[in-house]
Every structure is written in C-alpha cells, then in structure tokens.
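Worksheet for the structure shown next.
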Protein chains: 2
Amino acid sequence: MEIKVFKIGGQIVDDADQLQQFITILSKIKGNKILVHGGGKIASQLCMDLGIAPKMHNGRRITDEATLKVVVMAYAGWINKSIVAQLQAKDQNAVGLTGADCNFILAHKRRNSAIDYGFAGDIDKVDASFLETILTKNQIPVVAPITHDGKGQLLNTNADTIANEIAVALAHEHSVDLYYLFDKKGVLADKENEQSVINEIKIAEINDLIDKGIIVDGMIPKIQNAKAALENGVAKIILTNIAELDKSLDHQNVGTTILK
Amino acid sequence: MEIKVFKIGGQIVDDADQLQQFITILSKIKGNKILVHGGGKIASQLCMDLGIAPKMHNGRRITDEATLKVVVMAYAGWINKSIVAQLQAKDQNAVGLTGADCNFILAHKRRNSAIDYGFAGDIDKVDASFLETILTKNQIPVVAPITHDGKGQLLNTNADTIANEIAVALAHEHSVDLYYLFDKKGVLADKENEQSVINEIKIAEINDLIDKGIIVDGMIPKIQNAKAALENGVAKIILTNIAELDKSLDHQNVGTTILK
C-alpha cells in the first residue's frame, strides 16, 4: 500500500489555529495516513507552573521522574487526545497511541552516554504489522512521542526519530512518503529569501549543502535522519509548511523533496 | 464470547502498590478482559498545584476548561499509559483508549440541568463491535474516563457509567460480568463487621437493602447503576476488593454478586 507519514512539531502543536488548519488539510488528503506529533511548549510550561526546573544538556532535555510524568500527561494525554477528537470531528477515524499501546514501539532507556538523560528512550523495534492493521481499517494512527521498555517503564522519545522509525519499518513492504512539517516552505537556497526553495535534493548532495551552510542548525539532524530513512527504503521525504501542504492537494509539487 | 469488565477507582489508582497488585491479579485472570479506570486524586492535586480552584456541586465536579485539560492529562495521559505499560510488563497486550479513539464512546455535554457541569459528558453510544475486534486479538482495552462529542470536544465522564455502558453494549451478543473493585470485601450486612459479606443480592431485594441502611452512601448510585445494567442484559455484577479478587483465581466465589 501507499502510506504517508506526517510529523508535526511544536510550532504547529502550540498554536491552536495552525493545528486546526493542519487537521483540516490532513483530513482532505486521501489514502493511508499516520500522524506523529511532537510536544511543543506545553510540557515546559507545565514544568514551570509546577515548579519543576527544566534540566537540559546541549539543548536536549534530561527527563527526570517528575518531568516524565509531565511529558506523558501533556503529550499522550492532552495533545494526543485533542488531535484525535478534532480529527473525529472531520470524520477521520483516528486512534491515539503511544509505543506502549499494543507494545508497538519498544525502546530502551538511553545508555552508553556520558550524560544520564533520564527516562529518554531509544527505539529498538516498531511493529509495522500493527500499524498496517489499523490502516487497513481506514483508521489514522496518531502517535505521541512516548514509548516504553516492555518492563513497565514509559520513556520520552524524540518525535522525529519515531516518525523515521515508523516510516522505515513500513517501507519493508510498502511505499512510504515521510512529511516533515516545519515553518519554512522548504529548504531555502538563500535563507533570506522565502521563495528560494530547493525543490529536490539527492542524498549525495546533502554533505555539500551542509558544507555550504544551506542546511543549517536544527535542520541538520532532520536531514541526516531523512538520509538514513531513504537508505532504509523510504521512498521520499518532503520538508514543507502547512500552507504549501494545502497546495499539494491540487497535485502540485511543494516544498523540498529529498530522494535517494 | 465471555467478557469480564473491571472497574477500578481512585483508591487503587492513587496507590502504586495496590495498582501493581491489581495488575498482577488481572494478568492472571484468563479470557476476555476490559479495564475501566477512574481518576483518583491526581487531577485534584494537579489542579491545586496549578492554582485551579476545584469547583464542586453536591459532590460532583464542575469541569471548566482548565480542569478538563488537567483531567485529560492525568486520566488519559499518565494513569492510562502507566497502566498499559505495566500490563505490557506482564505480557498482557493492552491498548489505552478514550471514547474519542476510533469514536468508540460518543457522548454529549450534559444538558437539561439546573447546574452547568461544564465539560461533563453523558454517553450516547458505545461501539461494541470496536471492543469485540480488540478482544478477538487477545488485547485488553484500558479505558480512561474521557469521552468526546464527535465535534472536537473532549468530555469528562464518570468511570462507573462508562463501565456500565460498555458492559450493556457488549451484553447484546455476549455474556458479560462486571466487576466493581472497591475497598470492602463486598456489601456488608453489618458495616462494623468485615466478615458479614452478603454473597448474593437479587435486584428485587435492592430497595429493601437501601431502606434498611445496608446499602448506603456512595454505594447507592453504584448499585442502582448495577441494577440498570442487569436489566439490560449484563449477566452479573460483582462488588469486591483486590484481595478477594485474588482468591477468585482459585474459583472461589468472592464478594457480593448482584443478579437479576
């Protein structure tokens, strides 16, 4: 089957209007769809409101026990179920999931690291057949960035990584496109010019674009993930924003497509 | 098929040891199982920690917008997914759900009430076939007390009512036993004597037991719900506590069984 995996991050999740707009567009996209959402600011805000000091190391969150509880509540509770309810309102039969549900993403607490990231989970295995069964029933899996270790421990897991691993697991038997929704139209040749979208990047060109400073900052890990996903069978990766995704409904090519 | 629906409330959910004990017992019970859990004190505690004043009317919570967010986070997020992860650790393939997931419990905001209970949901319909499909795959639905209205609004819904409506919906085609786990061995003939459990109550006897002051307080609505469930096809209702439930694994009759 053909499957589209969409990843949305904090920019969309934190903004009720943008989230509503995205859900409307997603509901118009035909075929098999999976949505992976990130967390956004709600968890940090909740930690602050609850007096839990955020612990970070090099921009990565250290998930202590109190923080884990907050991220599970915010991501798997409020954000996940709000998205599901809003999709239902568009007659999209969504089901909200974490990796613990039906044991579909098994992970382990991050190890072999000089820093203890706490309850941060690195993925061991995605159960592709579980997702296939859901898609076959025309249901949309809505996946929160929470996994588990199979021994009773929930784990905080990067949403980009989850989207990638889901896409790769399904790519063994299916044609999978992976969409990263972010705030730009696509990868820009000139970051000052929103119109300078590079329509297509081959993975052989990625290192060169990083060297030239065209792929920068937070986009570097995204693109490196994308590269690995393409090398593992994912058909294509599309980086774009909501407004462009809307245009894709008219069969326009939008954003930046990364291909093997 | 034969189905057992279990309802656990705050006493168990709030106490990590009791919850763990219950999950261990549940994992040993054979056959088709559904778990409905209540909320417990975590939501009230979170509201207090966040400075959201609890609003009550005659002991019932009024769910304003801020409170709804908290109960969805606490019930559908932390409690629900913690239970799922702990069941997975016992090789029980659980899936955590709200009524919004696959639209399986449709409700409406409570109306025709002198008091505005806010985002409190009264159930319209439970999709029994959705639950059947899950049970057929040997999965355990773990249901949080959150529903939706089909128009994008999540709703706070009483867990006892959800357990009842699930049992009744499945009873059309299946043999359903409904277990209410609480802090007593069963309904006591003499409330001072923990050993005075009434083993069996026929629904014709309920009013008399209420008149005599044997069924009292919070047990009255539970038993009246039970009566309605039995009149609508549920095979039997069992009221008991965890320790007794454990004994039932040896095929002992435990607690109080309410029969038509």
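Protein chains get the first letters and strands the later ones, always in sequence-line order, with residue 1 at the start of each.
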| So which of A/Asn80, A/Val71, A/Asp101 has the biggest tally of heavy-atom pairs under 4.5 Å with chain B? | A/Asp101

| said: Just verifying a value: how many Å separate B/Met73 CE and A/Leu46 CG, rounded to the nearest 0.5 Å? | reply: 4.5 Å

| field | Check against side-chain contact (heavy atoms from CB on, under 4.5 Å), A/Val84 and B/Leu154 | value | CA-CA 9 Å; A/Val84 168; B/Leu154 294 165; over 6 Å; no

| request: Locate the shortest heavy-atom distance separating A/Ala89 from B/Gly152; write the atom from each residue and the value. | output: CB-N, 3.5 Å

| message | Counting heavy-atom pairs under 4.5 Å with chain B, which one of A/Lys151, A/Lys69, A/Gln86 comes out on top? | response | A/Lys69

| said: Please check if the number of heavy atoms outside A/Lys55 that lie under 6.0 Å from its NZ is greater than 12. | reply: no

| Given that the side chain runs from C-beta out, which part of A/Ile42 has a heavy atom under 4.5 Å from chain B: side chain, backbone, both or neither? | side chain

| Distance in Å, B/Asp149 CG paired with A/Gln88 CD, rounded so as to fall on 0.5 Å steps | 11.0 Å

| task | With a 4.5 angstrom heavy-atom cut-off, could you sort out which part of A/Gln139 is near chain B: side chain, backbone, both or neither? | result | side chain

| said: Let's test your reading of the structure: which of A/Asp49, A/Leu68, A/Val142, A/Val95 forms the most heavy-atom pairs below 4.5 Å with chain B? | reply: A/Val95

| query | Under a 4.5 Å heavy-atom cutoff, which of A/Gly77, A/Ala76, A/Cys102 has the most pairs with chain B? | reply | A/Cys102

| request: Check each atom of B/Lys90 against the heavy atoms of chain A and say whether the ones under 4.5 Å are side chain, backbone, both or neither. | output: neither

| For A/Ser82, is it the side chain, the backbone, both, or neither that has a heavy atom closer than 4.5 Å to a heavy atom of chain B? | both

| Who wins among A/Asn103, A/Ile146, A/Val70 for the most heavy-atom pairs under 4.5 Å with chain B? | A/Asn103

